[in-house]
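Below: the structure, in structure tokens.
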Protein chains: 2
Amino acid sequence: MNEAKKDNTEEKILNAAQTVFTQKGMDGTRMQEIADEAGINKALLHYYFRSKQKLFEAIFSKVFSQIFPDIKSLIYSEKPIDEKLGVFIEKYIDLLMRNPFLPTFILKEVNRDPEFLASVIKKQGINPADILQLLEKEMEKGQIRKMDPRDLMINILSLSIFPFASRPLMQIMFFSNDKKAYKEFLVQRKETVKSFVLNSILLK
Amino acid sequence: MNEAKKDNTEEKILNAAQTVFTQKGMDGTRMQEIADEAGINKALLHYYFRSKQKLFEAIFSKVFSQIFPDIKSLIYSEKPIDEKLGVFIEKYIDLLMRNPFLPTFILKEVNRDPEFLASVIKKQGINPADILQLLEKEMEKGQIRKMDPRDLMINILSLSIFPFASRPLMQIMFFSNDKKAYKEFLVQRKETVKSFVLNSILLK
DNA sequence: AAAAAGTTTAACCATCTGGTTAAATTTAAC
DNA sequence: GTTAAATTTAACCAGATGGTTAAACTTTTT
């Protein structure tokens, strides 16, 4: 039957499911709420996705793949290391600005069901070895300070992601709950994180 | 009646509730599981704490107060700023080593119910202005690089907390899911985070 | 020993929730 | 226009869950 319409409904469901799941997590999400958000009824929802678990797995995989931006084009470019890292940080924070619920969602679900996480990582063939190798090479060349490259990688991720994951807390604690001010703060972090990191690791 | 026994049971309940709530969150926790963990029955659980909500609020407040270590003694000490920050980072990571579920729990619940968070912060009279002021003074003195003190504060928290909150993910991605290796990594971060931060901000 | 509080047992209730079903209706394909 | 798929409607089911209740038993207080 109508492929276009089918696709459309399926897409509507996936979008709705992502909206609700990423904001409320697996435990906090109700199938009825996804149906409402998609503008359809519960029966049709189960007609497309047999169970909540199946739907959740589809969403998690989709979202998880999003949090790994196209690193490869960066790694194999000819730019100097400081520029590479700078672009990475900018792109990553940009990604989170567009998807502010991703960090909390991933952290929540990753802790709830680590086994499923492992299967997703395996299935998606994610491999961070390349970037660690790149960092190590730059350390040997004397471009950046010698350290465990995993520390450096995790530091960059921490500085980029945590302010999003802890948004309500930081907003109250340091910005008098001023939503706009905190958003502006996050935008500027594209620059402040960059210089914080580079000041720490760049030699000469 | 027996105050000691009463206290003991109440304490058993609170401990059990903290164990379950911090690992599974409000949504994922079942009252029956708390009763089991405490070694009592559900009726007695409700006899002590009228509702799940009440019990949760008690636990959240208790846990939340724990994530703010005694900063005051540090701020008003005579140590130089690099030492102050170093001790803070060490103590904070130590705290998280002893309570590895705190970060995820706080992040999860803070995002689920920000209004309640605000009320807890107000009730506990938490005020980060002191530490921001201290940082600003050191910048003026030329001890550390000039920057938004909120950035510096949030950077330190990010570097300390995020590796705990993202534990299952980082463990798989960068440590082949080797639990022991990741734990050792976290222990060493007391030093690596310290030097990462100080290398970035310390002048001369 | 009597009274009071602590605790258990077990049944019970109302509600929510994921999921199913069947029949009716609409929409698109042929 | 017939057929098949897409969608709605509405009722239903089973299990889980937060919470209650009442009666019995135990422990501590007095």
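Naming: A, B, ... by sequence-line order, numbering from 1 per chain.
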**OP:** Ignoring backbone atoms, test whether S51(A) places a side-chain nitrogen or oxygen under 4.0 Å from the OP1 or OP2 oxygen of dG18(C).
**Re:** no
**OP:** Return the minimal non-hydrogen interatomic distance between M31(B) and S51(B), and the atom names on each side.
**Re:** CE-C, 4.2 Å
**OP:** Using the ring of F56(A) (Phe, Tyr or Trp, six-membered ring only), decide whether R112(A) places NZ or CZ under 6.0 Å from its centre and within 45 degrees of its axis.
**Re:** yes
**OP:** Please figure out whether G39(B) or M26(A) has its closest DNA chain C nucleotide nearer the 5' end.
**Re:** G39(B)
**OP:** Give the rounded distance in Å between these two atoms: CD1 of I34(B) and C1' of dG19(D).
**Re:** 14 Å
Subject >> Atom-to-atom span, NZ of K52(B) to C1' of dT15(C) - whole angstrom >> reply: 14 Å
Subject >> Distance in angstrom units between E33(A) CD and dC16(C) C1', rounded >> reply: 14 Å
Original post:
Checking E109(A) side chain against M26(A) main chain: does a donor-acceptor pair fall under 3.5 Å?
Top reply: yes
Original post:
Quick one: Y47(B) OH to dA4(C) C1', roughly how many Å, whole number?
Top reply: 9 Å
**OP:** Consider the side chain of Y48(A), meaning its heavy atoms from C-beta on, and name the nucleotide among dG6(C), dA6(D), dG18(D) that approaches it most closely.
**Re:** dA6(D)
Original post:
Can you find a donor-acceptor pair, distance only, under 3.5 Å between K42(A) side chain and dG19(C) base?
Top reply: yes
**OP:** Looking only at non-hydrogen atoms, find the nearest pair between L45(A) and I40(A) and report the distance.
**Re:** N-CD1, 4.0 Å
**OP:** Can you tell me the distance, in whole Å, between the NZ atom of K24(B) and the P atom of dT17(D)?
**Re:** 10 Å
**OP:** Could you state the atom-to-atom distance from NE2 of H46(B) to C1' of dA10(C) in whole Å?
**Re:** 16 Å
